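Right, one structure below, let's go through it.
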Amino acid sequence: MADENEIQAAPAADAGAPAPTEAPRGRGGPGGGPGRGGPGGNRSGPGGGNNRGGRDGNNRGRRDNNRGGADDGGEELIEKLVHINRVSKTVKGGKRFGFAALVVVGDGKGRAGFGHGKAREVPEAISKATAAAKKKMIRVPLREGRTLHHDGNGHFGAGRVTLRSAPQGTGIIAGGPMRAIFESLGVADVVTKSVGTSNPYNMIRATFEALGEQTSPKSVAQRRGKKIVDLLGRGGSQTAEADAALVTE
């Protein structure tokens, strides 16, 4: 009988206890029930909020890494900032400034290009100019990998430039914008002259026009169906065969 009384008294004691639903009334209830700070599907708990943020962050980072890897996976290019121009526009609230950048890029092995970009900030303008320069790269044949095969002239607007090949050890004799082109192109010996204008845009365009007319003995021989020795020996050169052996492009 004593056991039956204890068994019957237990429910009575439980019935007199406070209801368990009154405990998690606070915002940070330990049970994770209706409280905002519980471990349920709320924003601050380890449920959907963090999972959603982690999923978006991981996907976004994966896309950025892939895009950066594609840029880094290509060949390494030499980038030269030639000129930055700042312009301003007066509006009702004051002045708005814009920037224009002129950039020259090259691989140092006979390929170079130039481009310009405009933006509200300098870094963005430089990145636009660099992207444009990479799309317009041209290949220039070099003699012995250090100088031009022959002299050339180019002009754009009021600017006129003259390019001349030079013996080994001469160095780059050129102005600022033109020097950037030859350094990125990989030319070590060249003599240049620019007349008519000091505008870097016109100077660079005239220089690239002259570089676009450069040809190599190999390409001329293939076009005319002859041998390189025949072309180099027509001027009475005694070292035509040796010179022909050195021609690689």
Side-chain angles (χ1 to χ4, degrees), residues 74-87 99-118 122-123 125-220 232 235 237 243 246-249:
E75 57 184 346
E76 184 176 357
L77 299 178
I78 302 173
E79 301 178 3
K80 298 284 186 180
L81 178 61
V82 177
H83 182 70
I84 291 183
N85 185 33
R86 190 187 75 169
V87 297
F99 298 90
L102 179 62
V103 175
V104 174
V105 300
D107 61 353
K109 300 177 183 179
R111 295 179 65 239
F114 75 98
H116 72 280
K118 299 178 181 180
V122 174
I126 294 176
S127 63
K128 287 183 178 180
T130 303
K134 292 179 180 180
K135 294 179 181 179
K136 297 189 298 183
M137 295 181 67
I138 63 173
R139 177 168 294 280
V140 180
L142 302 179
R143 185 175 68 184
E144 301 175 4
R146 61 172 185 81
T147 187
L148 304 176
H149 281 286
H150 56 84
D151 301 347
N153 298 316
H155 73 279
F156 186 88
R160 295 181 179 274
V161 299
T162 301
L163 312 180
R164 300 190 64 181
S165 58
Q168 189 173 3
T170 303
I172 300 176
I173 310 300
M178 299 174 67
R179 174 178 289 272
I181 295 175
F182 292 112
E183 288 180 351
S184 60
L185 190 62
V187 175
D189 303 301
V190 68
V191 177
T192 67
K193 181 65 178 178
S194 174
V195 295
T197 183
S198 60
N199 188 333
Y201 289 87
N202 290 348
M203 291 177 63
I204 285 185
R205 287 188 173 95
T207 304
F208 271 92
E209 180 181 340
L211 292 175
E213 298 176 354
Q214 288 287 317
T215 57
S216 64
K218 184 177 180 180
S219 62
V220 175
L232 299 180
S237 175
D243 295 339
L246 296 176
V247 174
T248 58
E249 184 176 0

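The model shown is predicted, which means the values in this text are computed figures rather than measured ones. Each residue takes its place number in the sequence, starting with 1.
- Taking both residues in full, the closest heavy atoms of Gly110 and Leu142 are given as CA-CD1, 4.1 Å, listed atom of the first, atom of the second, then distance.
- Residues satisfying the side chain to side chain contact (heavy atoms under 4.5 Å, CB included) test with Glu183, not counting sequence neighbours, are Lys80, Ile172, Arg179.
- Ala206 pairs by the side chain to side chain contact (heavy atoms under 4.5 Å, CB included) definition with Phe156, Val161, not counting sequence neighbours.
- Residues Ala132 and Gly115 share a closest heavy-atom pair of CB-CA, 4.2 Å.
- For Asp107, the side-chain hydrogen bond (donor to acceptor under 3.5 Å, both in side chains) criterion is met by no residue, not counting sequence neighbours.
- Residues passing the ring-ring contact (aromatic ring centres under 6.0 Å, His included) test with Phe99: none are found, sequence neighbours excluded.
- Residues passing the side-chain hydrogen bond (donor to acceptor under 3.5 Å, both in side chains) test with Arg143: none are found, sequence neighbours excluded.
- Distance check, rounded to the nearest 0.5 Å: NZ of Lys109 to CZ of Arg139 gives 9.5 Å.
- Counting only distance, with no hydrogens or angles, the side chain of His149 and the backbone of Gln214 share no donor-acceptor pair below 3.5 Å.
- The salt bridge (Lys or Arg N to Asp or Glu O under 4.0 Å) pairs that include a residue from residues 155-168 are Asp151-Arg164, where partners are two or more places apart or lie in different chains.
- Within the 3.5 Å criterion, the main-chain N or O of Ser165 finds no donor-acceptor partner in the side chain of Thr147.
- Pro177 and Ile204 get closest at one heavy-atom pair: CB-CG1, 4.0 Å.
- Going from atom CG of Leu102 over to atom CG of Leu81 covers 8.0 Å, rounded to the nearest 0.5 Å.
- For residues 201-215, no pair satisfies salt bridge (Lys or Arg N to Asp or Glu O under 4.0 Å), with sequence neighbours left out.
- At least one side-chain heavy atom of Ile181 sits under 4.5 Å from a side-chain heavy atom of Phe208.
- Residues satisfying the side-chain hydrogen bond (donor to acceptor under 3.5 Å, both in side chains) test with Thr170, not counting sequence neighbours, are none.
- Contact between Asp189 and Gly169 at its shortest, heavy atoms only, is OD1-N, 3.2 Å.
- Distance check, rounded to the nearest 0.5 Å: CG of Leu163 to CG of Leu148 gives 6.0 Å.
- The distance from the CG atom of Leu211 to the CD1 atom of Ile138 is 5.5 Å, given to the nearest 0.5 Å.
- With sequence neighbours excluded, no residue satisfies ring-ring contact (aromatic ring centres under 6.0 Å, His included) with Phe182.
- Partner of Leu185 under the side chain to side chain contact (heavy atoms under 4.5 Å, CB included) criterion, out of Val104, Val140, Ile78: Val140 alone.
- Counting heavy atoms from C-beta on, the side chains of Leu77 and Met137 come closer than 4.5 Å.
- Applying the side-chain hydrogen bond (donor to acceptor under 3.5 Å, both in side chains) rule to pairs touching residues 192-201 yields nothing, sequence neighbours excluded.
- For the residue pair Pro167 and Arg146, the shortest heavy atom distance occurs at C-NH1, 3.6 Å.
- By the side-chain hydrogen bond (donor to acceptor under 3.5 Å, both in side chains) test, Asn153 is found to be paired with Thr162, residues two or more places apart in sequence or in another chain being considered.
- Val82 and Pro200 make their closest contact through CG1-CB, 4.3 Å (heavy atoms, listed as atom of the first residue, atom of the second, distance).
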